[in-house]
Amino acid sequence: MHTPLSARRRRRLTGGVIGAALLTSTALGSAQLAAASAAPVTAAPAAATADRDRLPERIFAPDAFWYRRLPANTPKDPRSADISKHIYDQGVSYYGRPGAPSIAVNTVRYSAPMYMAKAGDPTTSFRFENCQGKSYGDTGLIANHLSNLRIPAYARPAEGTDLEMLVYDASSRRLTETWVTRKNNGTWSACWGGSIPDASKSNGVFPHPFGTTASGLSLAGGTIRPEELRRGRIDHVIGIALPHNAPWPNVSRPANRTDGWNPSRRPAAAEGQMLRIPASVNLDALRLSPTARTIAKAAQEYGVVVWDTAGSISFRAENPIGMTSDPYPELFRGRADWQEMLGDPGRGERGFPLELLEVLPMNYEAPVSSAPAPTPTPTPTPTPTPTKSTPAPTPTPTPTPTPTIPVPGPGVATVRQTAAWLDQTDAQGRRWAGRGDAFDSYKTGTAMVGRDVAGTGDDQLYRSTVYGMTSYRTKVANGTYRVKLYTAEDYFTAPGRRVYSVRAEGSTVLKDVDVFARTGGAFRAYEPTFTVTVTDGRLDLGFHAVKDTPSLAAVEVTKL
């Protein structure tokens with residue numbers, strides 16, 4: 001379903017749960033952006049609080065895609081040159097000019113303040129504000145994401161129309177991001193958003209259809225922090241919003257949805273797709289402003305991910321409304337954000353090298369081995385007065401052990417995962433994790449809701465199906481496993497209409513699966529099993545469509 005909003009908003013509702021698609025981001029209207037771009041805008045920071053804590057720079061799993069450094073040589077999308085030229089032309093068309101494309105670094109509006117909650121902060125549950133008139137309600141937003149949250153008393157959302165806000169609970173490591181956020185008479189409300197229960201175990205992507213960006217990618221992962229600009233180094237992938245992105249169903253992992261809109265029909269980047277400045281480019285020779293060089297260096301080392309549609313090309317920096325003072329007038333040298341990205345001709349500076357961006361292939365991920373932890377900036381300490389003493393021997397550094405995945409005992413289910421977006425409980429009281437980003441498709445079928453599925457006592461596992469996928473992957477310890485798939489034909493009424501094969505670790509394990517033919521009809525459980533050996537710490541399943549598309553309800557992986 002693709003229902004357009006107003007032309008000013010330039011948004012599209014994109015497919016997903018309950019047969020409808022959900023929008024969780026906004027665009028900057030042209031009149032608003034023109035006004036916002038005229039001069040630096042300074043937010044009034046919240047009242048100073050002596051014990052206010054700063055959000056850690058890294059809160060997701062150490063191997064999250066946000067923290068993976070790109071190899072020196074990366075593949076390019078076959079249409080990289082055409083897409084890159086389209087991106088450059090957008091910078092010219094939307095508030096720029098030839099030779100000087102416009103690039104914004106949003107700080108006051110269209111960027112989120114970041115708060116860290118701790119023990120003693122008020123606990124609250126949000127109210128759903130249906131600002132988009134969704135006929136299907138909040139799909140569990142309040143009950144499963146925005147209830148029993150700790151929020152600092154001084155917290156307030158961003159200004160503007162998006163009214164974004166981010167809260168990280170230091171003790172539970174729960175991350176919450178909200179959109180169109182308000183506090184009226186002591187009660188918080190939001191039009192959309194989401195929570196990640198333990199960010200330290202997350203890839204930094206909200207389950208579909210939740211989160212604040214239109215792609216499902218977390219604001220916490222790709223937002224630029226003032227500390228990073230001050231030290232001249234950003235050690236993570238940065239999010240970028242573009243006016244024209246490839247429309248549904250073009251979505252690149254790790255994103256799980258899109259609000260892409262591409263009226264020009266020129267080759268366009270998909271949300272979730274990575275961009276980079278080639279490693280061979282000598283950035284020092286370009287003479288960029290301090291802000292532009294810091295962002296360009298991150299784009300070269302970690303890359304830039306397309307995470308939203310907006311009224312101009314824009315990055316997000318942490319909103320100063322949540323700080324005790326606004327750091328950006330100093331960081332931007334008293335200039336507007338877009339002026340700093342263009343550079344100061346009086347200092348011999350040129351603009352951010354937008355024309356040098358390359359587009360990486362759809363679904364590209366940097367290898368985990370390319371994600372070393374950044375070297376922390378040392379804190380200066382006074383030099384002690386030398387005294388005569390016998391030098392202490394230099395200690396031999398103890399290497400940091402490499403994290404390992406716990407090895408389960410034989411017969412223990414390592415993974416239980418359904419195609420539903422929320423966790424499920426089966427008839428035996430066992431928890432099955434929601435889909436997350438394990439599949440490379442976010443197409444969801446719900447035809448078995450309310451139906452009796454023959455041949456199983458666990459109808460709940462069949463309520464949602466994922467279809468159109470080509471892969472499934474999940475982390476497991478090396479070893480041999482029994483994999484059980486749960487599926488049923490939920491659409492076709494005759495054999496031979498849906499046929500597919502399954503591969504495990506590169507070898508075919510199920511060939512020409514026709515669920516209708518094998519079970520004798522529709523809405524009948526089919527639960528095949530096979531054995532696979534994993535040697536690289538990740539179970540990879542592949543699905544090859546022979547006729548129509550593969551469909552699956554759940555996966556169970558048990559250690560042998």
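The chain is numbered in sequence order, starting from 1.
With E349 as reference, R333 is the one residue of R333, R293, R287 to meet the salt bridge (charged side-chain N to carboxylate O under 4.0 Å, His left out) rule. Under the side chain to side chain donor-acceptor pair (under 3.5 Å) test applied with D235, the options W66, Y302, Y67 reduce to a single match, Y302.
Using a 4.0 Å cut-off between charged nitrogen and carboxylate oxygen, E228 and R58 do not count as a salt-bridge pair.
Atoms CD and OG1, from E340 and T294 in turn, are 10.5 Å apart once rounded to the nearest 0.5 Å.
No donor-acceptor contact under 3.5 angstrom links the side chains of D308 and T213, judged on distance only. For the residue pair H236/E57, the side-chain donor-acceptor check at 3.5 Å is not satisfied. Judged purely by distance below 3.5 Å, without hydrogens or angles, the side chains of Q90 and S312 never pair a donor atom with an acceptor atom.
D423 has its side chain out of reach of T418: every pair of non-hydrogen atoms, C-beta onward, lies at least 4.5 Å apart. With a 4.5 Å cut-off on side-chain heavy atoms, R109 and T161 do not count as touching.
Geometrically, R316 engages W307 in a cation-pi contact defined by less than 6.0 Å to the ring centre and at most 45° from the axis.
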For Y95 and W338, run ring pair (Phe, Tyr, Trp, His ring centres under 6.0 Å): C-alpha distance rounded to whole Å, both residues' side-chain angles, the deciding distance at 0.1 Å, then the answer. CA-CA 10 Å; Y95 312 105; W338 59 268; 10.0 Å; no

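With sequence neighbours left out, the side chain to side chain donor-acceptor pair (under 3.5 Å) criterion links E365 to R68, R473.
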